[in-house]
**Student:** 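Structure provided below as structure tokens; questions to follow.
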Amino acid sequence: RSRMSRERNYSIDLLRIISMLMIVTNHFVSQGGLIDNVPDSSAAFFALEFISIINYCAVNVFIMVSGYVGYTSGYRYSNIVSLWLTVEWYSVGFVLLEKIIHPESAVKWKTLLRAMLPVSFGKYWFFTVYFGAFFFFPVIKKAVEALNKKQAVSIVASALALFCFLPVIVNIDIFRTSNGYGVIWFSVLYFIGACIRKYEASIRIKKWMLCVLFWAGGLVTFASYLAL
């Protein structure tokens, strides 16, 4: 391997950890029911909505980090098999654990089948989408390797315009990207991450500017939420 691929970037590891914590926070606020236990239109309600909006980008960041790291690392089908087995282990384990805790309840065969085939039944949306996108990652990597910077920037700009900005403007999922929860969008994010890795030496953006863009984007999104 090249020296660049051997060096570990701990800031990227930290970014990945932060993105996972943001995902957990968002689930705690929404799926965890925290926001349902505060009065509507209260200060606490809007504070939680703002926290949720700020954390929306976490999954996007995680996939872009995957593209950043994947651009200089090897591609092995054993990785997705190992991940699939891990997901199945926990999926089936939770069903069996529920049976142990509640022995009086019967385990339906459909429930067990869904646990054994998490991708086929779309049991966990993130893993299902990641599983589908995974098989396109090596093609995306080869494409990034072949493109020059001008071509890469053009593709990124076109993808963002078509799959991000235009659907928001017309409020319709025009190209069936599942509003960011599909294989197409994950592939776009992976492509962006790989491009950042390839051209990072020529990217000149101040850290304070990135912070400003992050918080400005969050505030604009929150203001849009309030306006609607």
Side-chain angles (χ1 to χ4, degrees), residues 12 15-16 19-20 22-23 26-27 30-31 52-77 79-84 86-87 91 114 117-200 203 213-214 217-218 220-221 224-225:
I12 294 299
L15 182 59
R16 181 177 280 169
S19 68
M20 289 189 288
M22 292 171 71
I23 292 170
N26 212 26
H27 278 251
S30 53
Q31 282 88 342
S52 183
I53 287 172
I54 286 295
N55 290 326
Y56 276 161
C57 65
V59 172
N60 292 347
V61 171
F62 188 87
I63 299 300
M64 283 193 290
V65 168
S66 297
Y68 181 94
V69 175
Y71 181 71
T72 54
S73 61
Y75 180 87
R76 295 187 298 272
Y77 286 105
N79 291 340
I80 196 64
V81 173
S82 176
L83 185 58
W84 186 87
T86 300
V87 172
S91 183
R114 282 172 57 87
L117 301 172
V119 174
S120 300
F121 288 92
K123 185 173 177 62
Y124 306 106
W125 81 264
F126 177 86
F127 179 66
T128 300
V129 175
Y130 185 85
F131 184 91
F134 181 86
F135 297 94
F136 294 95
F137 290 167
V139 179
I140 295 172
K141 178 181 176 180
K142 290 293 185 182
V144 174
E145 289 175 348
L147 296 171
N148 59 45
K149 186 176 181 180
K150 183 178 180 181
Q151 292 170 327
V153 170
S154 177
I155 292 175
V156 170
S158 299
L160 292 178
L162 292 173
F163 302 130
C164 185
F165 299 121
L166 186 58
V168 170
I169 293 173
V170 300
N171 197 28
I172 299 175
D173 187 14
I174 304 172
F175 302 105
R176 300 297 187 269
T177 61
S178 301
N179 295 311
Y181 295 91
V183 171
I184 293 177
W185 184 241
F186 272 35
S187 299
V188 170
L189 294 172
Y190 192 91
F191 180 87
I192 294 174
C195 288
I196 292 174
R197 177 60 165 169
K198 181 178 180 179
Y199 300 109
E200 63 180 338
I203 299 176
L213 289 174
F214 172 78
V220 168
T221 305
S224 301
Y225 162 78

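As the structure is a prediction and not an experimental result, all values here were calculated from the model. The figures here come from the full heavy-atom set of this structure, side chains too, leaving out hydrogens, waters and symmetry mates.
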**Student:** Would you check, one step at a time, whether the test side chain to side chain contact (heavy atoms under 4.5 Å, CB included) holds for Phe191 with Leu147?
**Tutor:** CA-CA 11 Å; Phe191 180 87; Leu147 296 171; 3.7 Å; yes
**Student:** Side-chain polar contacts of residues 55-69 - donor-acceptor pairs under 3.5 angstrom, sequence neighbours left out - could you list them?
**Tutor:**
residue	atom	partner	partner atom	Å
Asn55	ND2	Ile51	O	3.1
Asn60	OD1	Trp185	NE1	3.2
Ser66	OG	Phe62	O	3.1
Tyr68	OH	Arg197	NH1	3.1
Tyr68	OH	Glu200	OE1	2.5
Tyr68	OH	Glu200	OE2	3.2

**Student:** Of the non-hydrogen atoms in Phe131 and Ile80, which two are nearest, and what is the gap between them?
**Tutor:** CD1-CG1, 3.6 Å
**Student:** What residue pairs, at least two apart or across chains, pass side chain to side chain donor-acceptor pair (under 3.5 Å) with a residue in residues 168-177?
**Tutor:** Asp173-Thr177
**Student:** Hey, can you tell me if Phe126 and Tyr130 have their rings parallel, tilted or perpendicular (30° and 60° cut-offs)?
**Tutor:** parallel
**Student:** Going by side chain to side chain donor-acceptor pair (under 3.5 Å), name the residues that satisfy it together with Tyr225, two or more places apart in sequence or in a different chain.
**Tutor:** Glu49
**Student:** Do Phe135 and Tyr75 have side-chain heavy atoms sitting under 4.5 Å apart?
**Tutor:** yes
**Student:** Looking only at non-hydrogen atoms, find the nearest pair between Lys198 and Glu145 and report the distance.
**Tutor:** NZ-O, 3.2 Å
**Student:** Quick one: list whatever passes side-chain contact (heavy atoms from CB on, under 4.5 Å) with Ile172, sequence neighbours left out.
**Tutor:** Val170, Ile174
**Student:** So, using side-chain contact (heavy atoms from CB on, under 4.5 Å) as the criterion, who are the partners of Tyr124 when residues are at least two apart?
**Tutor:** Val87, Ser91, Pro118, Phe127
**Student:** What distance separates Phe186 CZ from Ser178 OG, expressed to the nearest 0.5 Å?
**Tutor:** 10.0 Å
**Student:** Working to the nearest 0.5 angstrom, can you tell me the gap between Leu117 CG and Trp84 CH2?
**Tutor:** 6.5 Å
**Student:** So do the side chains of Thr128 and Phe121 get within less than 4.5 Å of each other, counting heavy atoms only?
**Tutor:** no
**Student:** Checking the side chain of Lys141 only, and the main-chain atoms of Ala194 only, is there a donor and an acceptor separated by less than 3.5 Å?
**Tutor:** no
**Student:** Nearest 0.5 Å please: distance from the CD atom of Gln31 over to the CG atom of Asn26.
**Tutor:** 7.5 Å
**Student:** Identify every side-chain donor-acceptor pair in residues 149-165 under 3.5 Å, counting partners at least two apart or on other chains, and give the distances.
**Tutor:**
residue	atom	partner	partner atom	Å
Lys149	NZ	Ser202	OG	3.1
Gln151	OE1	Asn148	N	3.0
Gln151	OE1	Asn148	ND2	3.4
Ser158	OG	Ser154	O	2.8

